[in-house]
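As the structure lists them, so they are numbered: ligands from 1, and atoms in each ligand from 1.
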Amino acid sequence: MIHYSVRPNLSFSFRANFEMNRRVFRFALANSTNSKNRKAFSRNASSYDIPYNKGIPVLGTSLAIGAAGGAPKLHEYVDNRHKEFGHVFRENMGSVSAVFVSNPSIIRKIFLVEGKYPRHFVPKAWTLYNELHNCKRGLFFMEGDEWYKWRKLMNKYFLSPSTLDDLKNVHEGIVEGFVKRWKKFDGREVSDMEFEFYRHSISFVLGSLIGDSYLRQADKYDNYVTELATKFQSVFETSSKLNILPSVKIVQFLRLPLWGKFESSVTSSLDASKKVVSMALEDLSKNGLLSKLSVNEGIPADMISALVADLLIAAGDTTAFTSQWAVYRLGRDANIQNSARQDSTLIRGAVRETLRLYPSAPFITRILPNDETIDGYKFNAEELVLLSLYTAGRNDELYPRADLFEPERWVKRNSGGYAGVTDVNGFLPFAMGSRSCIGARLANIQLQTTIRQVG
Ligand code: HEM
């Protein structure tokens, strides 16, 4: 048994990293909000004006957001606005206006009207980088037919339980390696837990891509995994600072150091991942996902490189932060930890509780193709909609005693539903529909296998 000696490298302000879509904002969850005073959901809907938090001319509410702690605290700021205005409100944040939604039924309905080619918000710094470097990127950055084509092809493997089952030994082996490394810390503080989990997440995806032969060559890839983790971290640090500025374009135009740092960190991340992909293509095993893409589907190497780079980037921080939170929460409560050790359904429950309370994507964005009226609220075509998963996850009406970490609430009742969840509709940590997370199954396998073995 390993004793969790958890002291996050950011003291108690543990971070979960996210963007307006996935990773623009870093946020501290130290003083998580309670869920009292939330507005009730039930309404006699016919047609409603969405409450509008207009703010002041030109700047909108950007000063208020800044005063509340800025982007790193946006989830808390928005949570408070939901308490004030209800579960749907529109806000003019200065450079962008958006509708925020925390009602689980409306959240689901938004996904149902997102169209064949769902569109999401891509942070400006990334689009600018891609334009300036004429850079081919992976799924997250694609749109329309191009996105649809590659996504459909990758779904076949990434979302197939039997394909992922074939990787069971690889997954177990990677987690064993991680635990062995972790054991060196037994009884001592883990000096940079975030980085350890980051490495683990990258290694997990790389192993899934390569298959069996990854385990035999883990040492060969070890330094590359460390290199990728370091570089990806630097990308997120610089991009999160850039993406909260009113104009990334001006920062780039003036060649300010922050842009230079971001640009060089993205370039070196993409170069490093290209290098790893070309090595991986030489080491393919039949059960690896890369062999399916390259051999079965005949995808050319440059496209594989673009797709894989973004898989690695997408996997790194999301799963790392979730693991960190899960281990921290389990480490805080010996009773929960002991129960989970004896009952694998509680491990799944612990993962769900972590994703509910600390969603690494606290907002999911959609840009709807058409005007829509949903539960009486009018949403405009082309307007940015932000689905507030953080707020939905902490609502007492959906999760009694929402602020408590209770893995057993996810135990299935014989009569249907879950023991401690009133409405599961708002639980969408990986989004929903055709543009939901392609790594969701892999992430769940990694999180559950890791927690089981670490505990
Ligand atoms: C706890 C872990 C994770 C969480 C919470 C998470 C969450 C999400 C969410 C919410 C989206 C949808 C974004 C949108 O609709 O705009 C997404 C997309 C995506 N995720 Fe994940 N993710 C996780 C792990 C992973 C992993 C392990 C991978 C890679 C193996 C991955 C790869 C991707 C990619 C490539 C997309 C873009 C898909 C597309 O646009 O079609 N994610 N993720």
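- For ligand 1, the atoms sitting less than 4.0 Å from at least one non-hydrogen atom of Ala314 are 31 (C), 32 (C), 33 (C), numbered in the order shown with element in parentheses.
- Heavy atoms of Gly138 stay at 4.0 angstrom or farther from ligand 1.
- Residue-to-ligand polar distances keep Ser360 apart from ligand 1: every N/O pair is separated by 3.5 Å or more.
- Every atom of ligand 1 with a heavy atom of Ala315 under 4.0 Å away is listed here by number and element: 26 (C), 27 (C), 28 (C), 29 (C).
- With Glu114, Arg119, Arg366, Arg151 as candidates, the residue nearest to atom 15 (O) of ligand 1 on a non-hydrogen basis is Arg366.
- Numbered from 1 in the order shown, with element, the atoms of ligand 1 that lie under 4.0 Å from a heavy atom of Trp147 read 39 (C), 40 (O), 41 (O).
- Arg441 forms no cation-pi arrangement with Phe158, by the criterion of a distance under 6.0 Å to the ring centre and an angle within 45° of the ring axis.
- Annotation for Tyr224: atom OH does not count as buried by contact number, only 12 or fewer foreign heavy atoms lying within 6.0 Å.
- Arg81 forms a cation-pi arrangement with Tyr77, by the criterion of a distance under 6.0 Å to the ring centre and an angle within 45° of the ring axis.
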Going through the checks in order, is the salt bridge (Lys or Arg N to Asp or Glu O under 4.0 Å) test met by Arg401 and Glu406?
CA-CA 9 Å; Arg401 302 175 308 281; Glu406 293 181 336; 2.9 Å; yes

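- Close contacts of ligand 1 with His120, meaning ligand atoms under 4.0 Å from a residue heavy atom, involve 14 (C), 15 (O), 16 (O), 40 (O).
- Taking a cut-off of under 4.0 Å to the non-hydrogen atoms of Leu311, the atoms of ligand 1 that pass are 29 (C), 35 (C).
- Within 6.0 Å of atom NZ in Lys249, 12 or fewer heavy atoms from other residues, nucleotides or ligands are found, so the atom counts as exposed in its surroundings.
- A tilted orientation is assigned to the rings of Trp182 and Phe178, their planes being inclined by 30° to 60°.
- For Asp310, the heavy-atom gap to ligand 1 stays at 4.0 angstrom or more.
- Taking a 6.0 Å sphere around NZ of Lys124, one finds it holds 12 or fewer heavy atoms contributed by other residues, nucleotides or ligands.
- Residue Thr322 approaches ligand 1 through these ligand atoms, each under 4.0 Å from one of its heavy atoms: 1 (C).
- The option with the heavy atom closest to atom 4 (C) of ligand 1, from among Phe430, Phe321, Trp325, Phe141, is Phe430.
- Listed by atom number, the atoms of ligand 1 under 4.0 Å from Thr319 heavy atoms are 2 (C), 24 (C), 27 (C).
- Atoms of ligand 1 found under 4.0 Å from any heavy atom of Ala443 (numbered from 1 in listed order, with element): 2 (C), 24 (C).
- Relative orientation of the His120 and Phe140 rings is tilted, given thresholds of 30° and 60° on the angle between their planes.
- Of the N or O atoms in Arg435, one or more lie within a sub-3.5 Å distance of an N or O in ligand 1.
- Counted by atom type alone, Asp145 and Tyr117 present one or more donor-acceptor pairs between their side chains at under 3.5 Å.
- Ring orientation note: the planes of Tyr198 and Phe236 are tilted relative to one another, at an angle of 30° to 60°.
- In this structure, Met142 has no heavy atom closer than 4.0 Å to ligand 1.
- Counting only non-hydrogen atoms, the option in Val205, Thr318, Ile202, Ile364 that gets closest to atom 23 (C) of ligand 1 is Thr318.
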